[in-house]
Every structure is written in C-alpha cells, then in structure tokens.
Amino acid sequence: MAQAIVWFRNDLRLDDNPALRAALDADLAPVCVYIHAPDEEGTWAPGAASNAWRHRSLAALDAQLRRRGSRLRLFHGPSLATLQSLVDTCEAQAVFWNRRYEPRIETRDALIKSALRGSGVRAESHNGALLFEPWALQTGQGGPYKVFTPFWRKALSEWRLQTPWEAPRTLPSSEAGPAGVALDALGLRPARPWDADFWPLWQPGEAGASETLEIFIDGALRGYSAGRDRPDRVGTSRLSPHLHFGEIAPWRVVAAIEAGRTAATAPDIDAYIRELGWREFGHHLLHHFPHTPEQDFNPRFARFPWARDASALIEAWHLGRTGVPIIDAGMREMWSTGWMHNRVRMIVGSWLCKHMRVHWREGARWFWDTLVDADLANNTLGWQWIGGTGADAAPYFRIFNPVTQAQKFDPAGAYIAKWLPELAGIPVPLRFSPWTAPDVLKRVAPGYPSAPVVDLAGGREAALAAYQRSR
DNA sequence: TGAAGTTTGAC
DNA sequence: TCAAACTTC
C-alpha cells in the first residue's frame with residue numbers, strides 16, 4: 001500500500017479528522033506525524049500552559065493511534081524540510097493536513113503547499129476546525145464582517161455542517177521512514193511541575209474532549225443561558241482547550257447538543273451555539289485583519305493616554321494581589337488551573353484596561369502564557385472587545401464595577417472563598433469589598449492588600465476622562 | 001456580555 | 001417610596 005503523510009497540528013483527534021479521512025479515501029496508508037516548530041509562529045509561539053497541555057494531548061493521540069495499529073511520529077522542525085524528507089524516505093504520494101488561521105501559519109502553510117506541489121507531491125489542506133471557513137461568509141458588499149450580529153445571522157442562514165465521521169477501528173500501519181524523536185525531546189513538559197493542579201481538572205486528548213462534552217450535555221447545558229455567567233458553579237462547557245487543540249470538531253459538538261433539542265432546552269442550546277459563533281467570528285476577524293493580535297482594530301486609540309510606568313500595577317494583577325477579591329480570585333484560578341471563567345475574564349480585563357488604564361496587549365500576553373485554551377483568534381477577539389478597541393467591541397466607557405459584578409455573579413462569595421481562602425472568614429457582604437471593613441480585613445487576612453491598588457470610583461473617572469481627552 | 005444618575009409612574 | 005425606564009458616559 002502506498003503512503004501519505006498526515007500532518008497533525010491543532011487537530012489532535014482521529015474522529016472527524018478530514019486530513020486523515022482524505023488519506024484513507026485515497027487508499028493511502030497514513031504516516032501520522034507531528035512537527036514541533038514553535039519558532040515558525042513568531043512572537044505568538046505557544047505559551048507555557050499551552051505546551052503543557054500539548055505534551056499530554058500528543059501522548060493521548062499516540063496512544064489512540066497505537067490502539068488502531070498505527071502510531072504518531074514526532075519531529076523537530078523546520079516544517080517544510082521535515083515534510084520533504086519524510087516524503088522522500090517514506091516514498092509518500094501525498095501530504096494532508098487541516099488548516100490553521102493564524103497569520104504566520106497561513107503564510108507558512110501556503111509556502112509549504114506550493115513547495116510540495118512544485119516537487120510533484122499531492123498536497124491538500126482541509127477544514128478541521130471551523131463551522132465556516134473565514135472566507136465563506138461575506139457581507140452584501142463582498143467584504144468581511146466587522147459586527148457579530150449580522151455575521152451570525154448570515155451563518156445561521158447558510159447553516160450546513162460537516163457530517164460526523166468515525167475513524168476506522170484499525171488503521172493501515174506503515175513502518176517506512178524515520179521513527180522520529182521521543183515526546184520528552186520536544187521539551188513541552190514543564191521542567192518544574194507548576195502545572196500539577198491542572199490535571200485533576202483536565203484530561204487532554206480526544207477521549208477527554210468527548211467526556212467533557214457529555215458532562216456538559218448532561219449538566220450545565222440545561223440553564224446555560226444564565227448559568228454560564230456563574231463562576232461559582234460549573235456553568236460552562238469547559239470545552240475551550242479541547243476545541244483549541246482540535247481534540248473535538250465543533251460540528252460534532254453542535255450535533256451532540258442539537259440531538260437533545262426540546263422546547264425547554266432550545267434557548268440554552270441557541271445560547272451555547274452562539275458562543276461557538278463568537279469563536280467562528282474570532283477566526284473570521286483574525287484571517288481578514290491579520291494585524292489585530294498586535295494592533296488596535298480601531299485606530300482612534302492610537303492617541304489614548306495609557307498609564308505610564310504601570311509595571312507595579314501589572315505585577316499586582318499578574319499575582320492576584322490587586323486588593324479586589326473577584327479579580328484576584330480570577331487571576332489565581334488561572335494560575336492554578338490554566339483556565340479562568342469567561343465572566344471573570346471580562347472583569348479582570350476591564351480592570352486592567354479601564355481602572356489601571358493598561359493597554360490590552362499586556363493582558364493578552366499574560367493570558368497567552370497562562371491559559372491552556374490560549375488561542376490567537378479568541379484571545380485577540382476577547383481582549384480587543386474588553387479593551388474597547390475591537391471591531392464589535394464594548395465601548396470604552398463600559399466599565400465593569402468588580403464589586404457589583406461579584407455581587408451579581410458570585411452572590412454567596414463562594415468563588416472568591418475558593419481561590420482566596422484567606423478571605424473565606426470574612427462575612428459575605430464584606431467579602432466583595434473587604435477594604436470597607438479595614439479592622440475585619442486586618443484581623444482575618446492580614447496578608448491581603450488593605451485597599452485596591454486603584455480606587456474604584458477614582459479609576460473609573462480617570463478612565464472616562466482619558467477617553468474624553470483622546471476623542 | 002455596564003454603571004450611575006435622573007425621570008417617571010404606580011402605589 | 002421605590003422600582004422600572006431612560007439617559008449619559
């Protein structure tokens with residue numbers, strides 16, 4: 001049987017894998033490879049938490065391939081040279097992969113595709129990650145969308161999803177060509193086990209993704225429209241890292257969720273699929289506006305007076321020592337688990353960009369390194385949104401009050417107590433703003449900051465004034 | 001997928 | 001008196 005290279009990237013699954021399917025449909029034995037080449041991603045090489053996840057996800061994929069009589073071969077880049085050498089040594093007839101949409105990767109992959117084709121090899125990329133390719137939806141004028149609502153209306157009107165596909169129980173094995181390097185040689189696993197608290201919560205890989213989906217459907221999906229805003233509960237799908245690494249296809253998530261549609265569940269199902277729509281919109285924007293991971297979408301903010309020398313403020317934010325419990329709880333949740341609830345991401349983001357008046361790229365960089373679901377499309381969309389600089393963003397003057405938000409979405413103060421145990425002894429009305437009861441705070445949690453690093457009312461006023469000045 | 005201040009209208 | 005509606009940033 002002739003061979004094909006199946007080049008795994010952010011599609012670390014077998015089911016619903018269009019590249020793997022293409023190889024099998026062509027009657028070619030898949031040589032499954034992963035090529036480690038972080039330098040080819042420029043300034044957005046994967047961060048530490050992301051690498052820790054990938055290490056385990058690659059191990060899971062290899063185990064799954066072995067159960068089917070195949071295996072995953074690992075290599076160091078550069079990607080093109082590695083693929084060319086694999087094509088030669090395996091005498092492969094084709095190379096298949098699933099597309100990524102990060103600007104540097106799109107450019108690199110286009111070069112790789114044309115180089116392979118230039119040497120007479122069949123090279124094909126497929127859609128393994130999105131419900132709609134970024135170029136599939138266009139405005140009436142023929143351009144990209146910049147506003148979510150019309151984008152999503154268009155998507156719903158052209159709703160056609162890939163049909164689920166299950167990988168065969170046995171894969172043709174191929175021993176041709178080099179064996180590759182050991183997983184540890186890629187250096188993805190942290191040298192010091194700072195990620196120890198991640199793994200009771202997460203199971204990287206395709207099996208973990210399916211299990212997470214089932215848990216969501218049996219649990220938080222009912223009541224999702226309201227429950228997703230509650231960081232004190234399991235109210236969200238927690239699928240984001242699995243979707244980022246392609247451990248499950250979004251169309252499979254949609255199909256599974258739709259399967260239980262009733263009149264009662266319809267609003268929750270629609271609300272969740274709309275969130276997947278934001279993920280689609282993020283990829284659409286990243287593809288059409290490739291400078292947005294670095295630059296404000298709205299050029300007006302070039303004149304905005306960001307705070308000077310905010311390094312002490314930024315450090316307090318990093319460490320979860322701002323003195324505002326809901327913010328510090330969120331930052332510590334992320335540090336411990338590699339993930340932060342989305343409502344809390346908005347609160348900590350608003351605090352950084354508005355009260356601290358620090359440019360969103362500082363936040364984007366920190367999230368990039370600390371989140372297991374760090375994704376250039378979603379991270380950029382989220383930070384441009386909360387910073388007020390984005391395409392369809394919250395206006396800059398929409399400033400979250402972290403005390404009000406905590407009262408509303410963590411009413412029993414349970415989320416705060418979980419991540420800031422030193423504040424658990426402060427009774428609930430005071431736990432949201434402990435600086436208002438200085439003697440209690442000093443007695444119960446003497447190590448916690450005695451006051452917010454930025455005054456809530458003063459910071460809000462300063463941000464509004466700065467916005468006015470820049471107009 | 002804000003907050004805060006003001007107005008309005010039902011008691 | 002108070003909550004919902006409205007307005008402004």
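Just so we're on the same page: letters track the sequence lines, and every chain starts at 1.
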Visitor: Kindly say whether A/Y448 contributes a backbone atom to a donor-acceptor pair with the side chain of A/E422 at under 3.5 angstrom?
Guide: no
Visitor: Taking only the side-chain heavy atoms of A/Q468 (C-beta and beyond), determine which of B/dA4, B/dT1, C/dC9 contains the nearest atom.
Guide: C/dC9
Visitor: Would you say a side-chain N or O of A/Q405 is under 4.0 Å from OP1 or OP2 of B/dT1?
Guide: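 No, no such contact exists.
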Visitor: A/N342 side chain N/O closer than 4.0 Å to the phosphate oxygens (OP1, OP2) of B/dT1?
Guide: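 No, because none of the side-chain N or O atoms of A/N342 sits under 4.0 Å from OP1 or OP2 of B/dT1.
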Visitor: Decide yes or no, distance alone: a donor-acceptor N/O pair under 3.5 angstrom between the base of B/dT1 and the side-chain of A/W278.
Guide: yes
Visitor: Can you establish whether the number of heavy atoms outside A/R261 located under 6.0 Å from its atom CZ is more than 12?
Guide: yes
Visitor: Measuring from the side chain of A/F397 (C-beta onward, heavy atoms only), which nucleotide among B/dA3, C/dC9, B/dT1 has the closest atom?
Guide: C/dC9
Visitor: State plainly whether the residues A/K154 and A/E158 are in salt-bridge range, i.e. N to O under 4.0 Å.
Guide: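 So A/K154 pairs with A/E158 through a salt bridge.
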Visitor: What is the distance, rounded to the nearest whole Å, between atom CH2 of A/W351 and atom P of B/dA3?
Guide: 13 Å
Visitor: Describe the nucleic acid contact of A/E275 in one word from base, sugar-phosphate, nothing, applying a heavy-atom distance below 4.0 Å.
Guide: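 It contacts base atoms.
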Visitor: Below the 4.0 Å mark, does B/dT1 have OP1 or OP2 next to a side-chain nitrogen or oxygen of A/K408?
Guide: no
Visitor: Would you give the length of the straight line joining atom CZ of A/R332 to atom CD1 of A/I327, rounded to the nearest 0.5 angstrom?
Guide: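 Taking CZ in A/R332 and CD1 in A/I327, the distance rounds to 12.5 Å.
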Visitor: Carefully, step by step, assess A/E102 and A/R104 under the rule salt bridge (charged side-chain N to carboxylate O under 4.0 Å, His left out).
Guide: CA-CA 6 Å; A/E102 296 87 341; A/R104 290 281 297 252; over 6 Å; no
Visitor: Round to a whole Å and report the spacing from CZ of A/F148 to P of B/dT1.
Guide: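 Going from CZ in A/F148 over to P in B/dT1 covers 13 Å.
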Visitor: A/F400 has an atom CZ; how far is it from atom C1' of B/dT1, in whole Å?
Guide: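 Taking CZ of A/F400 and C1' of B/dT1, I get 6 Å after rounding.
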Visitor: Check the distance between B/dG2's P and A/I399's CD1 and give it to me in whole angstrom.
Guide: 12 Å
Visitor: For A/R460 and B/dG5, what is the distance between atoms CZ and P respectively, to the nearest whole Å?
Guide: 8 Å
Visitor: Without decimals, in angstroms, what is the distance between A/R469 CZ and C/dC9 C1'?
Guide: 15 Å
Visitor: Looking across every strand, which nucleic acid part, if any, lies under 4.0 Å from A/K354 by heavy atom: base, sugar-phosphate, or nothing?
Guide: nothing
Visitor: In whole Å, what is the span from the CG atom of A/D455 to the C1' atom of B/dA3?
Guide: 15 Å
Visitor: Report yes if at least one side-chain N or O of A/R343 is closer than 4.0 Å to OP1 or OP2 of B/dG2; otherwise report no.
Guide: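 Result: yes.
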Visitor: Quickly work out the A/L456 CG to B/dA4 C1' distance and round it to whole Å.
Guide: 13 Å
